[in-house]
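For the single chain, residues carry numbers from 1 onward in sequence order.
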Amino acid sequence: MADSSNHNHDEQKGRLYNPYQDLQVPIRNLYNLPTAPEHLFIEEASKPHRSWGENLQYYTGCGYLSGAIIGGAKGSFEGLKAAEPGDTLKLRINRVLNSGGHVGRRYGNSLGVLGLIFAGLESGVIQLRGHDDLLNTVVAGLGTGALYKAAAGPRSAAIAGAIGGIAAAAAVAGKQAVKRYVPI
């Protein structure tokens, strides 16, 4: 009998979920939810980073969203500056919206492609080297800049690669500083 009571006590330690808790009904079904992340393979559980597919979605989405916001703001400001003295309010609003949408799409697409290239390169470098560290991110940033500007010539590709590597290193250093000095 003591063993059965111990078993119930262990079940109480997990997260209990009642799907009917918000309804005013006398049904009380409790489900014991797992507290650890669920992974198909134990190797995935031991790694503290996102999978390559999650990285691909994350970096591409963040790149597109930030580019669209920055480009939309820049384009809207350009549309405001381009207003002429005889324009009606409706025409000025149309000019701002068109300019903001055009520049926002262009910047969003560019930064989305950069995120896509970066995610692919970073995942490839992690796979090749076998472990995840700062060097993978810097190499991926360098490669992203170089690939993005490769069509403009070797000098432009080298400069863009250096800028990409420096930006990736700065982003990782900033992330580490925030983790270390900002209490969460």
Using the side chain to side chain contact (heavy atoms under 4.5 Å, CB included) rule, take Arg92 and Thr88 through it: C-alpha gap first, then chi angles, then the decisive distance, then the call.
CA-CA 6 Å; Arg92 286 180 188 199; Thr88 64; over 6 Å; no
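- Partners of Arg129 by side chain to side chain donor-acceptor pair (under 3.5 Å), not counting sequence neighbours, listed by chain and number: His131, Asp133, Asn136.
- Distance NE2/His102 to OH/Tyr107: 10.0 Å, rounded to 0.5 Å.
- One hydrophobic cluster holds both Leu135 and Val125 under the rule that ILVMFWY side chains link at heavy-atom gaps under 4.5 Å.
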Could you give me the CA-CA distance, side-chain angles and deciding distance for Glu122 and Asn55, then say whether side chain to side chain contact (heavy atoms under 4.5 Å, CB included) is met?
CA-CA 9 Å; Glu122 186 180 43; Asn55 264 350; 3.7 Å; yes
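- Atom-to-atom distance recorded for Thr144:OG1 and Ile163:CD1 is 13.0 Å, nearest 0.5 angstrom.
- Formation of a donor-acceptor pair under 3.5 Å by the Ser99 side chain with backbone atoms of Gly75 is found in this model.
- Between atom OG of residue Ser123 and atom CD of residue Glu54 there is a gap of 10.0 Å, rounded to the nearest 0.5 Å.
- The OG1 atom of Thr137 sits 11.5 Å away from atom CG of Leu121, with the distance rounded to the nearest 0.5 Å.
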Determine, step by step, whether Leu142 and Val139 satisfy the side chain to side chain contact (heavy atoms under 4.5 Å, CB included) criterion, reporting the C-alpha distance in whole Å, the side-chain angles of both residues, the deciding distance to 0.1 Å, and the verdict.
CA-CA 5 Å; Leu142 191 129; Val139 169; 5.6 Å; no
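- With Phe118 as reference, Tyr59 is the one residue of Trp52, Tyr148, Tyr59 to meet the ring-ring contact (aromatic ring centres under 6.0 Å, His included) rule.
- Heavy atoms only, all atoms of each residue included: Ser66 and Leu111 are closest at OG-CD1, 4.1 Å.
- Looking at Asp87, its side chain does come within 3.5 Å of a backbone N or O of Glu84 through a donor-acceptor pair.
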